[in-house]
Amino acid sequence: LYAAAKTFGIEVGFPKYCEARGSRASDFLDAAAALLKPDSSPQIVLCILPSPDEYTNIKRWATKLKTPLLTQCVKSSTLTRAKSLMPICSKIVLQMNAKRNGELWLVSMPPGIPKKTMMVGIDVSREGGSTFLGFSSTYDPGYCKYYTQIQTMEEKKEIRTTVGNLMIRTLHKFLEQTKR
């Protein structure tokens, strides 16, 4: 991972390492919890899993912590059957970097579009009787850094009110990031 990260100019510090004593999600969670001290704040947790079966449990655990953790899960077979590890490690590093809000690529905008331009995307999703509104916007000149919000829609509330409130927060973030 260090060599792959270096080729992209991504700095990777020395990780804390732990090994699970079994292959169930609870084994991984116990091992990870042993590393998480009250004063530690890992940037991301990389789990190498013997099978994809425990993926959902690990993701659920990581998001329900007092301070949620970013995770990157990799099947061990992905690493053991690869002819060369460098392409696999490169992909893992890029995925981890993206989760930490790092840039993967830059977009060349056509002439005439101001540098301080924000792109906005909105999506509505329904699940289990609830409606969710996803709102994502860029806040950098390369359109690579995103400010993302998810809002549960209240019954009988106009969507435009929710979009308006999310847009106000988005504009504050955009101004905060571009006023330099």
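The first residue in the sequence is number 1, and the count goes up from there. What you see below is based on every heavy atom in this structure, not just the backbone, and it leaves out hydrogens, waters and symmetry mates.
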Donor-acceptor pairs under 3.5 angstrom involving side-chain atoms of residues 69-77: please list them, not counting sequence neighbours.
{"residue": "Thr71", "atom": "OG1", "partner": "Lys59", "partner atom": "NZ", "Å": "2.7"}
{"residue": "Gln72", "atom": "OE1", "partner": "Lys99", "partner atom": "NZ", "Å": "2.9"}
{"residue": "Gln72", "atom": "NE2", "partner": "Gln95", "partner atom": "OE1", "Å": "3.1"}
{"residue": "Ser76", "atom": "OG", "partner": "Leu49", "partner atom": "O", "Å": "3.4"}

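Closest of all the heavy-atom pairs between Pro50 and Phe28 is CD-CZ, 3.4 Å. Between Tyr2 and Pro15 the shortest heavy-atom distance is OH-CD, 2.7 Å.
If you take OG1 on Thr170 and CG on Leu175, they are separated by 11.0 Å, rounding to the nearest 0.5 Å. Rounding to the nearest 0.5 Å gives a distance of 8.0 Å between SG of Cys47 and CG of Leu29. Note that CZ of Phe132 is 12.5 Å distant from CG of Asp123, once rounded to the nearest 0.5 Å.
Residues meeting the side-chain contact (heavy atoms from CB on, under 4.5 Å) test with Thr56, sequence neighbours left out: Arg60. The side-chain contact (heavy atoms from CB on, under 4.5 Å) check on Leu1 picks up Leu46, Cys89, Ile92, Val93, with sequence neighbours excluded. By the side-chain contact (heavy atoms from CB on, under 4.5 Å) test, Lys145 pairs with Asn101, Glu103, Tyr139, Asp140, sequence neighbours left out. With sequence neighbours left out, Ala82 forms a side-chain contact (heavy atoms from CB on, under 4.5 Å) with Leu85, Ile88.
The backbone N or O of Met153 sits nowhere less than 3.5 Å from a side-chain atom of Thr131 that would complete a donor-acceptor pair.
Side chains of Gln151 and Arg169 form a contact here, defined as non-hydrogen atoms less than 4.5 Å apart. Between Met167 and Met118 there is a side-chain heavy-atom pair separated by less than 4.5 Å. You'll find the side chain of Asn97 stays beyond 4.5 Å of the side chain of Phe8, heavy atoms only.
The list of side-chain hydrogen bond (donor to acceptor under 3.5 Å, both in side chains) pairs with a residue in residues 25-35, not counting sequence neighbours, reads Arg24-Ser26.
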For Ile159 and Val124, what are the C-alpha separation, side-chain angles and deciding distance, and is it a side-chain contact (heavy atoms from CB on, under 4.5 Å)?
CA-CA 10 Å; Ile159 195 168; Val124 177; 3.8 Å; yes

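Transitive grouping of hydrophobic side chains (ILVMFWY, heavy atoms separated by less than 4.5 Å) keeps Met86 and Ile48 in distinct clusters. In the hydrophobic cluster analysis, where Ile, Leu, Val, Met, Phe, Trp and Tyr join through side-chain heavy atoms closer than 4.5 angstrom, Tyr146 is grouped apart from Val120. Following chains of ILVMFWY side-chain contacts shorter than 4.5 Å, one cannot reach Met119 starting from Phe135, and the two form parts of different hydrophobic clusters.
At most 12 heavy atoms of other shown residues, nucleotides or ligands fall within 6.0 angstrom of atom CD1 in Ile150. Atom OH of Tyr55 has 12 or fewer heavy atoms from other residues, nucleotides or ligands within 6.0 Å.
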